[in-house]
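Throughout, a chain's letter reflects where its sequence line sits, starting with A, and its residues are numbered from 1.
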Protein chains: 2
Amino acid sequence: MKILIVGGVAGGASAAARLRRINEDAEIVMFERGEYISFANCGLPYHIGGVIKERDNLLVQTIEGMKTRFNIDVKIKTEITKIDKENKKVYAKNLKTGETFEESYDRLLLSPGAAPFIPPIPGVNSPNIFSLRNMNDMDSIISHIEKNSVKRAVVVGAGFIGIEVAENLLERDIEVSILEKAPQVLTMVDEEIAAQVHQNIKDKEVELYLEDGVTQFEDIEGKTVVKLESGKKITADMVVMAIGVKPENDLAKEAGLETGKKGGVTVNKYLQTSDENIYAVGDAIEVKHYLSGEESIIPLAWPANRQGRIVADNMLGINLKAYNGSLGTSIIKAFDTTVAATGLNERYLKNAGTEYMVATVNRNSHASYYPGGVPITLKLIFTKDGDILGAQGLGCKGVDKRIDVIATAIKGKMKVWDLQDLELAYAPPYNSAKDPVNILGYVAENMINGEVETISYFQIEDYLKNNNAQLLDIRTKDENELGSIPNSTHIDLAELRDNLSKLDKDKEYLVYCQVGLRGYIAYRMLVQHGFKAKNLDGGYKLWQYTVM
Amino acid sequence: MKILIVGGVAGGASAAARLRRINEDAEIVMFERGEYISFANCGLPYHIGGVIKERDNLLVQTIEGMKTRFNIDVKIKTEITKIDKENKKVYAKNLKTGETFEESYDRLLLSPGAAPFIPPIPGVNSPNIFSLRNMNDMDSIISHIEKNSVKRAVVVGAGFIGIEVAENLLERDIEVSILEKAPQVLTMVDEEIAAQVHQNIKDKEVELYLEDGVTQFEDIEGKTVVKLESGKKITADMVVMAIGVKPENDLAKEAGLETGKKGGVTVNKYLQTSDENIYAVGDAIEVKHYLSGEESIIPLAWPANRQGRIVADNMLGINLKAYNGSLGTSIIKAFDTTVAATGLNERYLKNAGTEYMVATVNRNSHASYYPGGVPITLKLIFTKDGDILGAQGLGCKGVDKRIDVIATAIKGKMKVWDLQDLELAYAPPYNSAKDPVNILGYVAENMINGEVETISYFQIEDYLKNNNAQLLDIRTKDENELGSIPNSTHIDLAELRDNLSKLDKDKEYLVYCQVGLRGYIAYRMLVQHGFKAKNLDGGYKLWQYTVM
Ligand SMILES: Cc1cc2nc3c(=O)[nH]c(=O)nc-3n(C[C@H](O)[C@H](O)[C@H](O)COP(=O)(O)OP(=O)(O)OC[C@H]3O[C@@H](n4cnc5c(N)ncnc54)[C@H](O)[C@@H]3O)c2cc1C
Ligand SMILES: Cc1cc2nc3c(=O)[nH]c(=O)nc-3n(C[C@H](O)[C@H](O)[C@H](O)COP(=O)(O)OP(=O)(O)OC[C@H]3O[C@@H](n4cnc5c(N)ncnc54)[C@H](O)[C@@H]3O)c2cc1C
Ligand SMILES: CC(C)(COP(=O)(O)OP(=O)(O)OC[C@H]1O[C@@H](n2cnc3c(N)ncnc32)[C@H](O)[C@@H]1OP(=O)(O)O)[C@@H](O)C(=O)NCCC(=O)NCCS
Ligand SMILES: CC(C)(COP(=O)(O)OP(=O)(O)OC[C@H]1O[C@@H](n2cnc3c(N)ncnc32)[C@H](O)[C@@H]1OP(=O)(O)O)[C@@H](O)C(=O)NCCC(=O)NCCS
C-alpha cells in the first residue's frame, strides 16, 4: 500500500503518524511545499511578539523525527502540482531544483490547508504588506519589524489571527490600528460580547476602526498609506492582512474533485472526496456544522488534528470512522481577556430565522471570597425545548473551562436543564459551589418554564415603545448614581417588598440590576404580587457595553 | 404554608432563597445553632492562612439580607432540640437566653450538616486541640495561634480539610506535621496520584506520617505531646483534628426517621425522609452514588447547594425534581498542585470486585511551546465496554477543566471513544489542538480494541515473574542515564526499528518511556514486527513516584 500526503502540518502530519502506528508496512510519503513540517501555526503570532521566545519551540516534529519514529518519507520544498486520479499519480515539483517528477499512489490524502485571503486592493503588493500563515511569513514579519524599526502598524481584519497579531505587535511596543469591515471584532461571538472586547482594545490604546474597509494602499517614502472607505488615511510602517482564509482547493478542482459552495473540497463523512482513493481533511474541506447541519468551512486546528486521526484509519479501510461535523468551538486571548464560543451564535440564528432564547449570566471565575476571582460573562443560546444551540464566554480566566463543559454537554446531547446537574469540581480556588454553567441551566429552565420573562438589551427600545412599561432599577442607590438606563425609576431591591404600593398594576416593569440576578429576584417578587414585569437579560452591565 | 429549616448554611440557606423565589406567601423560618448563616465553610482554612484576608468576605449572605431580600425569619443561636413529627412541631432552644419554645410546621427541612469526627483518644479534650467546621472554630484557631505564638502544629488526618489546614498553617510559617492512618493522603485518588502529593508535601518540608495513628495526647507545660502507634512522639503548640466528618443525625434518629448504614438520614429521590413532611439535604443525608448506586455520604458543597435548590420545589409540591445521585466530583489545591477526581477510583473498584481498565496520560496543560504550560497527569478508569467509571487528575493548572469535562461526559452517558470527539476550545494559551481528554479517549479505545496492551506500575513485579519478559526502556540515552527501572534493556525509540534483530521473539517486552506515549509507539512497532509486547501505563514517571 502506497500512501501520499499533500501538506505536512496539522492534518497531514497527524494522519501520517497514525498511519504508521496502525501499519508498519505501508509506504508513506508526505509532501510539503514549505521548508517546515509539523510546525505550530497557532504559535506564530506569539513568536512575533516575543511571548514565545524560542523559534525552535514552534517546530513540534522534525523531518528527522518523522523518519526515525514513524518511517515517513518527508519531501519538503516539494509542491504537488497536479493529480491524475485516473492513473492514481501526482505530479510533484522540487522547489529547490525546479525538477519535476511523478509519484503513484494507492491512496492520496489532501491536507493543503487554507491560504490567507488577499483581496485585489490597489497597492496590496507593497513590500510593507504581509500575511501570516507559516514560519517564513513569520520570519519576514519579524525581519521587517527589526530592519525598519517599525513603530506603526495596521492590521486589516479583526478575526482570530488579526487580533493575535495586533496583540503581539503591541507586545513589541508598536502602535497598532485595527481595521474591520464588520461592525464588530471576532464574529464568532455576538455584538454585546464583542463590545466588551472593543472596550478592552481601546483601553490598550490600540485604534479600532469598525465598519470601515481599505480602498487603497499607497507607498510613500517607504511607508504605506492605508486609505479607508470613510476617507480616513493611516500611515504605517507595515500592514498585516488578516481578513480570513480560503481553502487551497486548486489541486482538487483541477483534478475534477467536487468542491462545495463555500469553496472547500467536498468529502463524505469518512472524509473521502468524490474520488474513492482520495481523501481530504483540515482547512481545505467543507464539513457539516454539528448543530445546523450546514456545509461550513471551519479552519481550526482541532478539526484538522481529529480528521487526520480519523482519515488514517479510513484510508486503510480498518474500522471506518465517521467525522460527525464541527461545532466550531473556538477561543482567543484578546489582549487582557479571553473570548470563547461553541455552536451557533445569535447572528447566525437570526439570519437563519431559527427561534431561540438567550440567557446571560455574570459570575465569578471562582469563589468571590478567594483571591483572584474575576467576573466572567457567559451566554447560552437554546430552544424552548431545551436544546443547546450555542454558548459564548468572556472574561480574564475560567472561560475556557465553561465553554469546554458546554461543548461537552452539546456532544452529550444534554438539555439546558441537564446543565443544572453537572457535578463540577468545587473548592474556592477553582470554582463556586454552583458553577456558572449550573446557573445557566437554572436561568434557562426558568425562562422556558415561564418562571421569568426577559428582554434583551437590543429589545429595550421597541419594548418600551410598544408597552405601557417603565424601567425599574432595583440596584443600590450607589450603583444607581454611578449610571443607569435613561428614564428609569429606582427602588433598591432591599426595599422593594415594602414599597410595592408605590407601583402601578396597570404598568409593566422592566426590572434591571447589574447583571440579572437581583432583577430576577425582583421579578419573582413583583409577579407574585400581581404586577407585570420583565427582567433585563444580562442587566445594566451588558446594556452599558452596547451603548458605549 | 409554614416551612421550618434546620441549619442556615449551604443546604438550608439555598433552599430558603429558592423557596421564597417560588412562593412569596409561605412563612419561612430558618434556625441556626451558630452565630452565622450562609458562611463560606470552604473558605475557613484560607482565612487561617491569611490567604483570604477579610474575615467578612466569608459571610456570603447576612441575616439582614435574608430578611430584606427573601423575607426569611432567621433565628441564629437557636438550636432545634427535638422533632415531634406526629404533631408537626419542633422544640427550639435559644442558646443565648436558654429559653425553649415550640414551633409548628407544614414542612420541615433538615440541613444540619456533618460534625467533625473526634475519636475518644485519651487527652483529646486538650485546649490545644481544635477542629474546623465554622466561623467560631476558625476564630479559635487563629486566636490560639496568635496568643501562643504557635510554631509547631500537628494536623491529624490528610483528607481535604486536613491538607488545606496544613497548607494554611504553613502560610503562617508554622512547622507542620501531618498524620494519616491510611497509606496515603486524599483517598479520593489512588496511590500513584497521591504519591505525587506526598512528594510535594515533603518538598514543602512538611512532615508526613503515613500508616500511623495517634494513641494519646498529653499536655506538658502548655504543649501537647502527640503519641503515635509507631512509638514516635511529636510535641506541638496545637493540634487540628481533621479525620473526617459524621452526619448530624441525632435529631432525625430521635424522631424515628430512618437512617442508613453509613449513618446518614435516609431520603428518597425527592429528598423526602421516611416522614412525608420532613425533607433532608446536604452532609447529613445518604445519597446514591451516581455510578455505583451505592448509598454514600458525600459531604461536599455542590450536592448541598443542588439539593437545597431541588428540595425547595419538592417541598412546595410544584414540579417534583429528582436528585439523581452524586458523582463525588472533588478538587483540592494541595500545596503547589491541584488534585481532582470524579466518579469511582481503583481502590473502590478492586474492593467491589468490579472489572476495569486504566489509562494514564501525561500532557501539558496547554501547548508546550506557549509559556506557562505545565504537565498534568490524568487517569481514566473505564470498562471494556467503554463506560467511564472515574477520572483523576494532578498538576499545577488545567486539572479542574479536564475533570469537569469528564464529569460532564459521565453525566452525558458518553463512552470513552466519545471523548475523542469532544471539540474543546484550543488556542495556545489554553490548550493543545488535542485536549488531554481527547487523548484519554484515544488511549482507552486503543486498549479496548487491543491496539495496545498495558501493564500498571503495580503489576510489573508479578508480570515479570510470570512471563518470559524483559523490561525495555525506549527513552533517549540521557533519560535512561538519569534513572530507569532495574533490569531494563535500553534502545532509543529512534533506533528501535533498525535494531529489531537484537530482540528475541520468544520473549515478551515490557516497553516503557517517560509517560507512555513513546512506549505505545514502540509497542505498535514491535507487535507489527511479530514481537510480543506490553506498554507500561503512565511510564517511568508514574512508576518512579510509587517507589519513592
Ligand atoms: C497564525 C495562525 C494562528 C492560528 N491560531 C489557531 C488557534 O489558536 N486555534 C486553532 O484552532 N487554529 C488556529 N489556526 C488554524 C490552524 O493552524 C489550522 O486550522 C490548521 O493548521 C489546519 O491544518 P491543515 O492540515 O488543514 O493545514 P495546514 O496546517 O495549513 O497545513 C497545510 C500545509 O500544506 C502545504 N501545501 C498546500 N498545498 C500544497 C501542495 N500543493 N503541495 C505541497 N504542500 C502543500 C502548505 O504549505 C501547508 O504547510 C491558526 C492558523 C494560523 C495561520
Ligand atoms: C473547613 C471546610 C472546608 C470545606 N471545603 C470544601 C470544599 O472546598 N469543597 C466542597 O465541596 N466542600 C467543602 N466543604 C464541605 C461543605 O462546606 C459542606 O459539604 C456543606 O457546607 C454542607 O452543607 P449543609 O447545609 O449540609 O451543612 P452546613 O453547611 O454545615 O450547615 C449546617 C448548619 O446547621 C446547623 N445545625 C446543625 N444542627 C442544628 C440544630 N439542631 N439546630 C440548629 N442548627 C443546626 C449547624 O450549626 C450548621 O451551621 C468544607 C467544609 C469545611 C468545614
Ligand atoms: C506532531 C504531530 C505529528 C503529532 O501527531 P500524533 O503522533 O498523532 O500526536 P501525539 O504525539 O499527540 O500522539 C498521540 C498518539 O499517542 C497516543 N498516546 C498519547 N499519550 C499516550 C500514553 N500516555 N499512553 C499511550 N498512548 C498514548 C494516542 O493514543 C495517540 O495514538 P493513536 O492516534 O494511535 O491513538 C502532529 O500533531 C503535528 O504535526 N502537529 C503540529 C501541527 C499542528 O497541529 N498545528 C496546529 C496546531 S498549532
Ligand atoms: C448565599 C445563598 C443563600 C445563595 O442562594 P441562592 O440565592 O439560591 O443562590 P444565588 O445567589 O447563586 O442565585 C441563584 C439564583 O439566581 C438566579 N440567577 C442567577 N444569575 C441570574 C441572572 N443573571 N439572571 C437571572 N437569574 C439569575 C438563578 O436562576 C437562581 O435562581 P433559581 O434557584 O430560582 O433558579 C446560599 O448559596 C448560601 O448560603 N451560600 C453560602 C454557604 C455555602 O454554600 N457554603 C458552602 C460553599 S463555601
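Looking at B:His47, neither its backbone nor its side chain comes within 4.5 Å of chain A, counting heavy atoms on both sides. At a 4.5 Å heavy-atom cutoff, B:Arg402 makes no contact with chain A through either its backbone or its side chain. Contact of A:Asp498 with chain B is not made at all, since no heavy-atom distance falls under 4.5 Å. Looking at B:Ser368, there are no atoms closer than 4.5 Å to chain A (heavy atoms on both sides), in backbone or side chain. Of the two parts of A:Ala409, the backbone and the side chain both hold a non-hydrogen atom closer than 4.5 Å to a non-hydrogen atom of chain B. Residue B:Arg55 does not touch chain A at all, counting heavy-atom pairs closer than 4.5 Å. Only the side chain of B:Asn438 comes within less than 4.5 Å of a heavy atom in chain A; its backbone stays farther off. Residue A:Asn41: no heavy atom, backbone or side chain, is found under 4.5 Å from chain B. With a threshold of 4.5 angstrom between heavy atoms, B:Asp56 does not approach chain A through any atom at all. If you measure heavy-atom distances from B:Asp404 to chain A, the contacts under 4.5 Å come from both the backbone and the side chain. For B:Tyr523, no part lies under 4.5 angstrom from a heavy atom of chain A. The parts of B:Ile22 that come within reach of chain A are both its backbone and its side chain, each placing non-hydrogen atoms under 4.5 angstrom from that chain. With a 4.5 Å cut-off on non-hydrogen atoms, B:Lys67 touches chain A through its backbone but not through its side chain. At a 4.5 Å heavy-atom cutoff, the contact between B:Ala494 and chain A is made by backbone and side-chain atoms alike. Contact annotation for A:Phe70: both backbone and side-chain heavy atoms come within less than 4.5 Å of a heavy atom of chain B.
Here the side chains of B:Phe160 and B:Met188 are in contact, with some heavy-atom distance below 4.5 Å.
Considering only heavy-atom pairs separated by less than 4.5 Å from chain B, the leading option among A:Gly65, A:Ala10, A:Gly328 is A:Gly328. Annotation: maximal heavy-atom pairing with chain B below 4.5 Å, among A:Glu64, A:Arg309, A:Glu164, occurs at A:Arg309. Options A:Val60, A:Leu327, A:Asp25, A:Asp435 differ in how many heavy-atom pairs under 4.5 Å they form with chain B, and the most are formed by A:Leu327. For the options B:Leu496, B:Val437, B:Leu58, B:Asn23, heavy-atom pairs under 4.5 Å to chain A are most numerous at B:Asn23. Among A:Cys42, A:Pro303, A:Ala340, A:Ala522, the residue with the largest count of heavy-atom pairs under 4.5 Å with chain B is A:Cys42. For the set A:Ser326, A:Ala17, A:Ser432, the count of heavy-atom pairs under 4.5 angstrom toward chain B peaks at A:Ser326. The choice from B:Leu419, B:Ile521, B:Ile331 that makes the most heavy-atom pairs within less than 4.5 Å of chain A is B:Ile331. Per-residue counts of heavy-atom pairs under 4.5 Å with chain A were compared for B:Val405, B:Ile406, B:Val527, B:Ile403; the largest is that of B:Val405. With chain B as partner, the option from A:Arg518, A:Glu495, A:Arg69, A:Met414 having the largest number of non-hydrogen pairs under 4.5 angstrom is A:Arg69. Chain A forms more heavy-atom pairs under 4.5 Å with one residue of B:Tyr369, B:Tyr290, B:Trp302 than with any other, namely B:Trp302.
At a heavy-atom cut-off of under 4.5 Å, chain A is reached by B:Gln420, B:Asp421, B:Leu422, B:Glu423, B:Leu424, B:Ala425, B:Tyr426, B:Ala427, B:Pro428 from residues 420-428 of chain B, listed in order of number.
B:Ser330 and B:Leu300 make their closest contact through CB-CD1, 4.0 Å (heavy atoms, listed as atom of the first residue, atom of the second, distance). Annotation for B:Gly43 and B:Ile52: closest pair O-CD1, 3.6 Å, computed over non-hydrogen atoms.
Interatomic distance, CD1 of B:Ile161 versus CD1 of B:Ile163, reported as 12.0 Å (0.5 Å rounding). A distance of 11.5 Å separates CD1 of B:Ile410 from OG1 of A:Thr408, quoted to the nearest 0.5 Å.
Between A:Glu24 and B:Arg497, at least one side-chain nitrogen of the basic residue sits less than 4.0 Å from a carboxylate oxygen of the acidic one, meeting the salt-bridge criterion.
Residues forming a side-chain hydrogen bond (donor to acceptor under 3.5 Å, both in side chains) with B:Thr338 (at least two apart in sequence, or on another chain): A:Tyr430. In this structure A:Lys321 satisfies the side-chain hydrogen bond (donor to acceptor under 3.5 Å, both in side chains) test together with A:Asp313, sequence neighbours excluded. Scored by the side-chain hydrogen bond (donor to acceptor under 3.5 Å, both in side chains) test, A:Thr337 finds no partners at all (sequence neighbours excluded).
Relative orientation of the A:Tyr370 and B:Tyr46 rings is perpendicular, given thresholds of 30° and 60° on the angle between their planes.
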